[in-house]
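The structure appears right after this line, and notes come after that.
The figures that follow rest on heavy atoms only: side chains count, while hydrogens, waters and symmetry mates do not. Keep in mind that this is a model prediction, so the values were computed, not measured.
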Amino acid sequence: MSTFLLVHGSWHGAWCWERVVPILEGESHRVVAIDLPGHGNDRTPLYRITLGKYAAAICRAASTQGERVIAVGHSMGGFAVSRAAASSPELFSALVYLSAFVPVPGDSLVQLALRDRDSLLRRSSALRPTHLHVRPGCAKDVFYGDCSAANVAWATSRLRPDPLLPLVQRYPARSELRIPLAFIECTLDKAISLSRQRAMHRRFPFERVISMETAHSPFLSAPDLLARHLASLSELAV
């Protein structure tokens with residue numbers, strides 16, 4: 001049995017994992033899904049949110065589990081779990097990146113995203129002084145291309161503005177990850193293209209790389225398969 005800590009991406013919240021959690025729990029794993037500051041039900045003012053606060057929230061959640069956790073970061077959540085694990089590696093037994101941003105020292109999320117010429121993110125989001133928001137009508141194409149109409153409606157009604165500072169802050173120098181790493185590719189992704197996913201994960205010695213033929217949100221379109229892949233990665237935990 002392992003403890004999974006599930007970390008959502010930009011605009012999303014803990015709600016996005018609702019279909020995956022009971023499947024993993026049915027396999028006798030413990031599962032915790034959190035809202036990062038400013039997301040889901042967390043009402044931290046957007047202008048107060050930093051990458052460091054994301055990491056602190058993840059570390060607080062991990063520290064209360066009584067054992068080291070497997071942190072799963074989706075999309076922007078990959079950047080956040082990297083920051084958390086670099087600051088408090090003793091809390092984590094493995095990191096899993098689900099079509100996620102994987103930084104090296106000096107990277108910012110915006111910098112990594114702008115390198116992705118095949119992504120729909122730039123044309124699907126709009127910048128405001130403290131946040132980014134998803135343009136009306138764009139969420140399906142960028143996030144939920146293979147999801148049912150009901151799931152698209154359910155998810156888009158829950159999206160919230162994404163704080164700006166964590167997107168432009170750089171991953172700190174001398175931040176090394178010395179725990180097992182795994183990456184789950186989403187081959188039909190329009191938010192982070194497959195070529196960009198591979199360009200990022202090839203910079204690291206990932207112990208496992210798994211491919212899913214899904215768009216950006218397999219927690220909605222293929223929760224059973226995603227849960228099966230996550231459960232298989234529990235063997236990596238140290």
Side-chain angles (χ1 to χ4, degrees), residues 5-17 32-64 69-92 94-116 119 121-122 125-134 143 159-179 181 183 191-192 196-197 199-201 203-204 216:
L5 176 60
L6 307 181
V7 181
H8 60 82
S10 291
W11 300 289
H12 290 68
W15 54 263
C16 72
W17 303 104
V32 179
I34 66 169
D35 288 324
L36 292 176
H39 296 79
N41 294 321
D42 185 280
R43 293 302 186 236
T44 304
L46 297 182
Y47 67 89
R48 293 183 178 176
I49 298 170
T50 64
L51 181 59
K53 288 189 176 181
Y54 282 172
I58 294 168
C59 289
R60 279 196 303 273
S63 67
T64 64
V69 304
I70 300 173
V72 181
H74 174 245
S75 197
M76 173 275 288
F79 215 100
V81 299
S82 292
R83 181 71 174 83
S87 64
S88 299
E90 71 280 1
L91 298 175
F92 303 91
L95 297 183
V96 180
Y97 296 81
L98 173 59
S99 190
F101 291 99
V102 191
V104 297
D107 281 344
S108 70
L109 192 146
V110 164
Q111 179 187 43
L112 292 176
L114 290 177
R115 294 175 185 168
D116 193 350
S119 170
L121 271 177
R122 190 184 306 183
S125 58
L127 178 64
R128 296 294 182 265
T130 61
H131 64 271
L132 285 177
H133 72 84
V134 180
F143 299 137
L159 298 177
R160 292 186 56 197
D162 206 49
L164 184 60
L165 275 178
L167 305 180
V168 299
Q169 291 174 319
R170 294 186 180 276
Y171 190 64
R174 299 184 298 278
S175 295
E176 295 187 58
L177 299 174
R178 300 182 180 274
I179 56 178
L181 306 175
F183 196 100
I192 308 176
R196 174 48 38 192
Q197 293 173 58
M200 289 188 290
H201 73 61
R203 302 190 293 180
F204 289 84
H216 192 59

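Phe183 and Tyr97 have parallel rings, their planes meeting at less than 30° on a 0 to 90° scale where 60° marks the start of perpendicular. Aromatic ring orientation, Trp11 versus Phe143: tilted (interplanar angle from 30° to 60°). Under the 30°/60° scheme for interplanar angles, the aromatic rings of His74 and His216 are found to be tilted. Under the 30°/60° scheme for interplanar angles, the aromatic rings of His131 and His133 are found to be tilted.
Judged by distance alone, with hydrogens and angles left aside, the side-chain atoms of Gln197 form a donor-acceptor pair with the main-chain N or O of Ile192 at under 3.5 Å. Side chain of His8 to main chain of Leu36: a donor-acceptor pair is present (N/O by atom type, distance under 3.5 Å, no hydrogens or angles). When atom types are taken as modelled, the side chain of Ser88 and the backbone of Ala85 share no donor-acceptor pair closer than 3.5 angstrom. Checking side-chain atoms of Ser125 against main-chain N and O of Val134 turns up no donor-acceptor pair under 3.5 Å. With hydrogens and angles ignored, the 3.5 Å screen pairs a side-chain donor or acceptor of Asp35 with a backbone N or O of Ala14. Not one N or O on the side chain of Arg83 forms a donor-acceptor pair closer than 3.5 Å with the backbone of Tyr54.
Salt bridge Arg203/Asp107: present, at least one basic N to carboxylate O contact under 4.0 Å.
The distance from the CG atom of Asp162 to the CG atom of Leu127 is 11.5 Å, given to the nearest 0.5 Å. In this structure, CG on Leu132 lies 11.0 Å from CE on Met76, to the nearest 0.5 angstrom.
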### Message
Between Ser99 and Ser75, is the side chain to side chain contact (heavy atoms under 4.5 Å, CB included) condition met? List the steps.
### Response
CA-CA 6 Å; Ser99 190; Ser75 197; over 6 Å; no
Could you go through Phe101 and Leu167, starting from their C-alpha distance and side-chain angles, then the distance that decides it, and tell me whether this counts as side chain to side chain contact (heavy atoms under 4.5 Å, CB included)? CA-CA 11 Å; Phe101 291 99; Leu167 305 180; over 6 Å; no
message = Between Tyr171 and Ser82, does the side chain to side chain contact (heavy atoms under 4.5 Å, CB included) criterion hold? Intermediate values first, please.
response = CA-CA 9 Å; Tyr171 190 64; Ser82 292; 3.8 Å; yes
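When side chains are defined from C-beta on, Asp116 does not count as touching Leu121, because their heavy atoms never get closer than 4.5 Å. Residues Val168 and Gln111 fail the side-chain proximity criterion, which asks for heavy atoms closer than 4.5 Å.
Shown are Lys53, His39, Arg48; of these, the side chain to side chain contact (heavy atoms under 4.5 Å, CB included) with Pro163 is made only by His39.
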